[in-house]
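These notes concern the structure reproduced below.
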Amino acid sequence: MSVDETFNALVGNLEYPMFIVTARAGGEPLGCLIGFATQTSIDPPRFLVCLSHQNRTYRKGRDAEFLGVHCVPATGGRIAELFGGETGDEVDKFARVRWREGPDGVPLLDDCPNRFVGRVLERVEAGDHDAFLLAPVAAERAEDSAEFTFHRAKRIAPGHPA
């Protein structure tokens with residue numbers, strides 16, 4: 001096996017939570033399911049999310065000043081399917097879910113009550129994804145719950161090639 005194949009096999013076995021990232025651009029709500037995300041600092045609080053170049057949320061929202069980051073609960077299979085298996089190029093995802101506007105009009109999804117909105121501090125090209133470093137400006141924590149995980153999300157056929 002090559003180094004790339006071995007690396008992909010190694011990280012493909014990791015288990016981590018999935019998130020839905022939302023944005024608003026040109027008055028349009030945007031959102032997608034992501035797996036590449038992590039806390040990067042405790043003080044000051046910082047979080048990093050990565051968006052695929054293939055994704056409408058990236059293409060339309062990459063210059064957004066704020067992004068919403070939603071923890072997908074373990075019971076969130078339907079919303080994960082919608083935001084991971086459909087593309088906003090063909091489907092109005094937000095017509096199919098309950099949501100409200102948060103800071104700067106960022107969509108906040110009712111089915112994902114554990115969430116925050118972050119101001120984009122940095123954007124870095126990171127291969128076929130771009131990394132967005134966020135500083136939280138608002139946060140909501142409604143409940144303790146298990147997470148919808150990567151291994152469950154692997155079963156979702158993506159709305160765009162990954």
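Keep in mind it's a predicted model, so treat the numbers as computed, not measured.
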What pair of heavy atoms forms the shortest contact from [X] to [Y], and how long is it?
X	Y	answer
Leu67	Ala23	CD2-CB, 3.6 Å
Ala64	Val120	O-CG2, 3.6 Å
Leu133	Arg46	CD1-CB, 3.9 Å
Gly35	Tyr16	O-CE1, 3.2 Å
Phe94	Pro107	CE2-CB, 3.5 Å
Arg24	Glu101	NH2-OE2, 3.3 Å

Within-4.5 Å side-chain heavy-atom neighbours: [X] and [Y]:
X	Y	result
Leu51	Cys32	yes
Cys112	Cys71	no
Leu48	Glu122	no
Leu109	Ile20	yes
Pro73	Phe148	no
Val72	Leu33	yes

**OP:** Quick one: sort the Tyr58 and Phe132 rings into parallel, tilted or perpendicular, breaks at 30° and 60°.
**Re:** perpendicular

Original post:
Is it the case that more than 12 heavy atoms not belonging to Glu65 sit under 6.0 Å from its CD atom?
Top reply: yes

Original post:
Quick one: do Arg56 and Glu86 make a salt bridge, cutoff under 4.0 Å?
Top reply: no

Subject >> Test: Arg78 and Asp111 ion pair at under 4.0 Å >> reply: yes

**OP:** Go through the structure and list residues passing salt bridge (Lys or Arg N to Asp or Glu O under 4.0 Å) with Asp110, not counting sequence neighbours.
**Re:** Arg98

Subject >> No-hydrogen, no-angle side-chain donor-acceptor test under 3.5 Å, Asn55 and Thr57 >> reply: yes

Subject >> Distance-only polar pair, side chains of His70 and Asn114, donor-acceptor under 3.5 Å >> reply: no

Original post:
Is there a donor-acceptor pair under 3.5 Å between the side chain of Thr22 and the backbone N or O of Leu30?
Top reply: no

Original post:
Would you say Glu5's side chain and Ser2's backbone share a donor-acceptor pair under 3.5 angstrom?
Top reply: yes

Original post:
So Asp104 and Arg119, salt bridge (Lys or Arg N to Asp or Glu O under 4.0 Å) or not? Walk me through it.
Top reply: CA-CA 10 Å; Asp104 204 48; Arg119 178 184 304 278; over 6 Å; no

Original post:
Where do His129 and Phe36 land on the ring-ring contact (aromatic ring centres under 6.0 Å, His included) test, with the steps shown first?
Top reply: CA-CA 9 Å; His129 287 63; Phe36 300 159; 4.9 Å; yes

Mind listing the side-chain donor-acceptor pairs of residues 134-142 below 3.5 Å, one per line with the distance, residues two or more places apart or on another chain?
residue	atom	partner	partner atom	Å
Glu140	OE1	Arg100	NH2	3.2
Glu140	OE1	Arg115	NE	2.7
Glu140	OE1	Arg115	NH2	2.6
Glu140	OE2	Arg100	NH2	2.5
Arg141	NH2	Asp144	OD1	2.0

Original post:
Do Trp99 and Leu82 sit in the same hydrophobic cluster, where Ile, Leu, Val, Met, Phe, Trp and Tyr count as joined when their side-chain heavy atoms come under 4.5 Å apart?
Top reply: yes

Original post:
Do the two ring centres, one from Phe19 and one from Phe47, sit under 6.0 Å apart?
Top reply: yes

